[in-house]
J.: 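Right, I'll just put the structure down here and ask away after.
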Amino acid sequence: MPTVLPPSRDAALETRVFWERFKYQIIAALIILLIALVGFTGYRLYSDRRAAEAQRRERKFAEANATLQSFITKHPKHEFVSTAQMTMAANLELMGKSDEALSMYQKIASSYPNSFNAPLALLSQVYILKAKNRAGEARRICETILTQYRTSFWAGEAFQELRLLKPSGPSEPAAAAGPTIPPFLARPPMAEPQAAPNTPQAAPPPSPKNPR
């Protein structure tokens, strides 16, 4: 396991709240920043991205995804394909299509394992799985991030999520193995055997007579 110092409770809570509130804006800002670093080859993506962002502001998420998909279809080998797909997955989340978003995040992480988007795609799966009460899967993904992307910016967030998702005690795996037996169905402790009523008792042996 990586030697990451755990943040304080207050700092971790503030980081979590900040991320949950602004994660889509952060993703968009990272995309624009990265596009600004490329030359003319990224101009078309930038244009499509601006159109998609305008549609997102108008909450036209389906239209925004169509714009981004058009870019992916035209440039399937472009280095920013995974970035466009990340935006599409975020739009699916905003549309309430969490299953489709989860599937897309999984595709990004598996198809582009060396991309800067891979750990973020994994972490995005964690939030969806938590909402679906699939804590075991969420824990495994956090461990994957800490193992394969320990130097990533998102490793610290994965570490904090893993702490929150840790089992409360050794009894949790046993509880997950099968349904808990209700108390009223549990076998009561065996009582001490008692003599049946009206059972004739054996007569005591006669006492010896005193000799005359």
Side-chain angles (χ1 to χ4, degrees), residues 1-31 56 61 65 82-187:
M1 294 291 292
T3 56
V4 181
L5 293 177
S8 65
R9 184 182 299 270
D10 292 340
L13 179 60
E14 291 175 2
T15 301
R16 176 181 172 79
V17 171
F18 180 83
W19 169 249
E20 288 288 351
R21 185 176 180 183
F22 298 109
K23 66 178 179 179
Y24 302 114
Q25 292 89 334
I26 292 173
I27 293 172
L30 288 173
I31 292 169
R56 288 187 71 195
F61 303 119
N65 277 6
S82 64
T83 300
Q85 291 178 338
M86 284 293 296
T87 307
M88 293 174 66
N91 286 344
L92 289 170
E93 282 194 80
L94 293 172
M95 293 166 66
K97 299 181 178 182
S98 60
D99 289 336
E100 294 181 33
L102 179 62
S103 177
M104 181 163 284
Y105 286 133
Q106 291 170 341
K107 179 180 178 181
I108 296 167
S110 61
S111 300
Y112 307 95
N114 298 323
S115 167
F116 58 89
N117 280 313
L120 179 56
L122 288 169
L123 188 61
S124 298
Q125 295 176 48
V126 172
Y127 299 123
I128 296 177
L129 292 170
K130 284 176 59 179
K132 294 179 176 293
N133 295 319
R134 292 159 64 178
E137 295 176 60
R139 282 196 296 270
R140 287 192 291 272
I141 292 177
C142 288
E143 291 168 352
T144 298
I145 296 173
L146 293 172
T147 301
Q148 299 181 10
Y149 305 98
R150 62 174 63 92
T151 60
S152 167
F153 170 82
W154 307 110
E157 183 68 17
F159 178 82
Q160 178 61 24
E161 288 295 332
L162 185 60
R163 290 183 63 200
L164 298 174
L165 288 165
K166 279 293 184 183
S168 57
S171 60
E172 180 176 321
T180 304
I181 300 176
F184 64 86
L185 291 181
R187 176 180 294 181

J.: Can you list everything that forms a side-chain contact (heavy atoms from CB on, under 4.5 Å) with A101? Sequence neighbours excluded, please.
T.: L92, E93, Y105, I128
J.: Who pairs with S82 by side chain to side chain donor-acceptor pair (under 3.5 Å), at least two apart in sequence or on another chain?
T.: S115, N117
J.: Would you say the side chain of I145 lies within less than 4.5 Å of the side chain of F159, judging by non-hydrogen atoms?
T.: no
J.: Just how far is it from atom OG1 of T144 to atom CZ of R140, taken to the nearest 0.5 Å?
T.: 9.0 Å
J.: Any non-hydrogen side-chain atom of L162 less than 4.5 Å from a side-chain atom of V126?
T.: no
J.: Please find the pair of heavy atoms, one from A109 and one from A118, that lie closest to each other, and give the distance.
T.: CB-O, 4.3 Å
J.: Under the rule for side chain to side chain donor-acceptor pair (under 3.5 Å), what residues qualify as partners of R134, not counting sequence neighbours?
T.: E137
J.: Calculate, to the nearest 0.5 Å, the distance between atoms CD and CG belonging to Q125 and L120 respectively.
T.: 10.5 Å
J.: Do M86 and S124 have side-chain heavy atoms sitting under 4.5 Å apart?
T.: yes
J.: Would D99 and K132 count as a side chain to side chain contact (heavy atoms under 4.5 Å, CB included) if you check the C-alpha gap in whole Å, the side-chain angles of each, and the deciding distance to 0.1 Å?
T.: CA-CA 10 Å; D99 289 336; K132 294 179 176 293; 2.7 Å; yes
J.: What heavy-atom pair brings L129 and A138 nearest, and what distance separates the two atoms?
T.: CD1-N, 3.9 Å
J.: For the atom pair OG1 (T83) and CE (M88), what is the distance rounded to the nearest 0.5 Å?
T.: 13.0 Å
J.: So which heavy atom on Y149 is nearest to which on A155, and how close?
T.: O-CB, 3.6 Å
J.: Looking at E161 and R139, does any basic side-chain N land under 4.0 Å from a carboxylate oxygen?
T.: no
J.: So how far is it from L123 CG to W154 CH2, rounded to the nearest 0.5 Å?
T.: 7.0 Å
J.: What distance separates R163 CZ from C142 SG, expressed to the nearest 0.5 Å?
T.: 12.5 Å
J.: Just to verify, what does K97 make a side chain to side chain donor-acceptor pair (under 3.5 Å) with, not counting sequence neighbours?
T.: none
J.: As an exercise, state the distance from CD of E100 to CG of N91, rounded to the nearest 0.5 Å.
T.: 12.0 Å
J.: Side chain to side chain donor-acceptor pair (under 3.5 Å) with S110: which residues, sequence neighbours excluded?
T.: none
